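Have a look at the structure below, then the notes.
Letters go in sequence order (proteins before strands), and every chain restarts at 1. Source: prediction; values computed, not measured.
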Number of protein chains: 2
Amino acid sequence: MKRATLRDIAQSLGVTVATVSRALKNYPDISATTKQTVLATAERMHYAPHPLAVKLRQKSYRVVGVVVPDIVHPFFSDVISGIIEVVEALGYHVILSQSNESYEKEIRVTQMLLATGVDGLLVCLSNETVDVGHLRALQDYDLPVVLFDKINSGLDASTVVTNDFQGAYDAVTHLLDQGYTRVAHIKGPPHPENTRQRFAGYRAALAAYGLPFRPEYVGECHAVTHSEGVTFARQFMALPEPPDSLFAVTDSVAIGAITALREGGWRVPQDMAVIGFSDWAVCQLMEPSISSVAQPGYEIGRRASELLLREIQQLRDEQPLEHDHLVLDATIKIRQSSQRPAIR
Amino acid sequence: MKRATLRDIAQSLGVTVATVSRALKNYPDISATTKQTVLATAERMHYAPHPLAVKLRQKSYRVVGVVVPDIVHPFFSDVISGIIEVVEALGYHVILSQSNESYEKEIRVTQMLLATGVDGLLVCLSNETVDVGHLRALQDYDLPVVLFDKINSGLDASTVVTNDFQGAYDAVTHLLDQGYTRVAHIKGPPHPENTRQRFAGYRAALAAYGLPFRPEYVGECHAVTHSEGVTFARQFMALPEPPDSLFAVTDSVAIGAITALREGGWRVPQDMAVIGFSDWAVCQLMEPSISSVAQPGYEIGRRASELLLREIQQLRDEQPLEHDHLVLDATIKIRQSSQRPAIR
DNA sequence: ATGAAAGCGCTAACAT
DNA sequence: ATGTTAGCGCTTTCAT
């Protein structure tokens, strides 16, 4: 059936649209009978207000755009889930896009989002992105932008990130506290700030315990994959004085390393303790269960949304935008893979 | 800076909004000079058309709503990814909501989506949902709805699902073809059609190979968790004539079972072959790697979107809506856990 | 080549 | 208690 409008109801009742509009919205100055008839016909005609007309009139769209590099990733699913939780509670909706880690596509989807009329944008930059002119352009259109996880200081915007440094520091400290002294690290590539921070946390923890930094105990990934974990673990086992423990930049690398260790006849954690980063669901299912550093994805989504909604409100009130920079703690999850067996 | 409108440009140039509108859209009957100046001022004023005004005028919103029970789930991430791929290529956007497997919330979010003015809806029903009156109501508002994965025959709508029966049948056949004859099954609860189909596929495969159905080889989960896998595997091991292989309704159950088997001193696949369902990423990472049945999530997202967009178009053309019912094949991924060792 | 005017569907200030 | 009117920002037909 064709969608009914206020006018349809008004005409069929011989009143004006204004009356109908008021009747439907419980305005005080409306006769009980009129209200009744209007409500009844509206019901009968399956009337529903045209959302676009309402929004145009009220200048509020109530939609925020979200751009992540890759939806099919547990961390981003968590973030998105947190975002939806917060914004829906305030009657907002979420339009979701992905950049597929492509700078080109990121520009394209942010443009599309602007053209769709979102009230604000939550963005996790792609790994390729170094220039943020496209986001600055959005801000020029009075569109608030909040960055999370992968951020860029070139943009004057609120940011919400995990404390990768602290997470890494805690992970390594957990190893050192148990008496391990030769802690290896498989680090990520130099570009994303996140993995660089993890490396920094690793070095800082060693330094805090007065241990030397040994370059031969560090491997640098390019793609951050399972197979790189395999490669570096083999390398470590072949050293004249091999490490006794390993902090890997991600869980997939940690799992790759464990695979290689096992093939080489090394037991985990007896011959080498291992701790990863990200706390994927697999960590709990593997044997041994894998220790890892959990990122507060859901919380990042919530906090970033709160900041964005605040800025949207400030914009509406014609107040200056206040930016914030949140750094949320990561939590180490200690499981079997990193627990030193009792000393006999 | 305040957002510029057509009128702003028109006034600053001493022309009408109509002229500006035409100049910006490359209409033929517009002087080159006017076009130049308009374009220049538009640029200077950072003009961008107001999306809501355009959409209201053109009666096209170009947004589809998506409702899934839980975003943080690899299968749904895949589906969403497929949806976004297809609809963005046609200039549409995706508004995402989750029902958290709650019937109440499903009603709430579908209503919100209607109120937001989406052009159509892609829905995976919550496990709680038995009545689909809320979706029928949407259809009454001329809102096309396509169901995927968890569907309900009570609604006259297009559907896209995995062929759970065939996937299960193939999984069990794969075991039987290798000479296993005592195939156990840990099934899901009776309600969601999907897991019932898997059970049906299991029985059909046994029947096709002339094997008896043995109730003692079947366990029924309530929550479909890792720990239920543990419980049933222990039960199977304790049987006087234990099964030689197992088809589990999901990967988490399969992994639970493997854990229990290992604890009980049983080797996988030597003492019991195991195959799961869903093909989570973990399956490749575990040792032994776990065989599983892959659901075509991405493809489901694509196909469901295509059906929905077709219906949206048909509605616009005032043609009758054509419904389709697609059943996409699942693919068995054979890995170590289900491969019978060579017979010596 | 450009302007004037109507209208998408709704709201709200101002009448009566 | 209800009607009138003006607009939200844009597109498009019909004039000129």
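Each of A/Val17 and B/Asp29 has a nearest nucleotide on DNA chain C; the 5'-most of these lies closest to B/Asp29. Mapping A/Thr5 and B/Ile30 onto DNA chain C by nearest heavy atom places B/Ile30 closer to the 5' end of the strand.
At the phosphate of C/dG3, OP1 or OP2 sits under 4.0 Å from a side-chain N or O atom of B/Thr19. Between A/Tyr27 and C/dA12 there is a side-chain polar atom (N or O) within less than 4.0 angstrom of OP1 or OP2. Taking side-chain N and O atoms only, B/Lys25 has no distance below 4.0 Å to OP1 or OP2 of D/dC10.
Between B/Phe148 and B/Val68, the closest side-chain pair of non-hydrogen atoms falls below 4.5 Å.
Nucleotide C/dC10 holds its P atom 9 Å from the CG atom of A/Asp8, rounded to whole Å. As a whole-Å value, the separation of B/Leu13 CG from C/dG3 C1' is 15 Å. The interatomic distance linking B/His50 (NE2) with D/dC8 (P) rounds to 12 Å, in whole Å. Atom CG in B/Leu6 sits roughly 6 Å away from atom C1' in D/dC10 (whole-Å rounding). For the pair A/Tyr61 OH and D/dG9 P, the interatomic distance rounds to 16 Å; values are reported in whole Å. The nearest whole Å value for the distance from the NZ atom in A/Lys35 to the P atom in D/dA1 is 10 Å. Here C/dA1 presents its C1' atom at 8 Å from CZ of B/Arg22, a figure rounded to the nearest Å. Distance CD (B/Gln58) to P (C/dA6): 21 Å, rounded to an integer number of Å.
Nearest nucleotide to the side chain of B/Ala18, out of D/dT12, C/dC10, D/dC10: D/dT12. Closest to the side chain of A/Ser31, out of D/dC10, C/dA5, D/dA1, is D/dA1.
Checked for salt-bridge contact, B/Asp324 and B/Arg310 meet the test: a charged N lies under 4.0 Å from a carboxylate O.
A/Thr16 comes within contact range of at least one nucleobase, with a heavy-atom separation under 4.0 Å. Contact annotation for B/Leu56: base contact, defined as any heavy-atom pair under 4.0 Å involving a base atom. Using a 4.0 Å heavy-atom cutoff across all strands shown, A/Lys55 reaches no nucleic acid atom at all.
Between the side chain of B/Arg7 and the base of D/dG7, no donor-acceptor pair under 3.5 Å is found.
Between the side chains of B/Thr116 and A/His93, at least one donor N or O sits under 3.5 Å from an acceptor N or O. Side-chain atoms of A/Glu106 and A/Thr129 include a donor-acceptor pair closer than 3.5 Å.
Ring geometry for A/Tyr61 versus B/Tyr61: interplanar angle of 30 to 60°, hence tilted.
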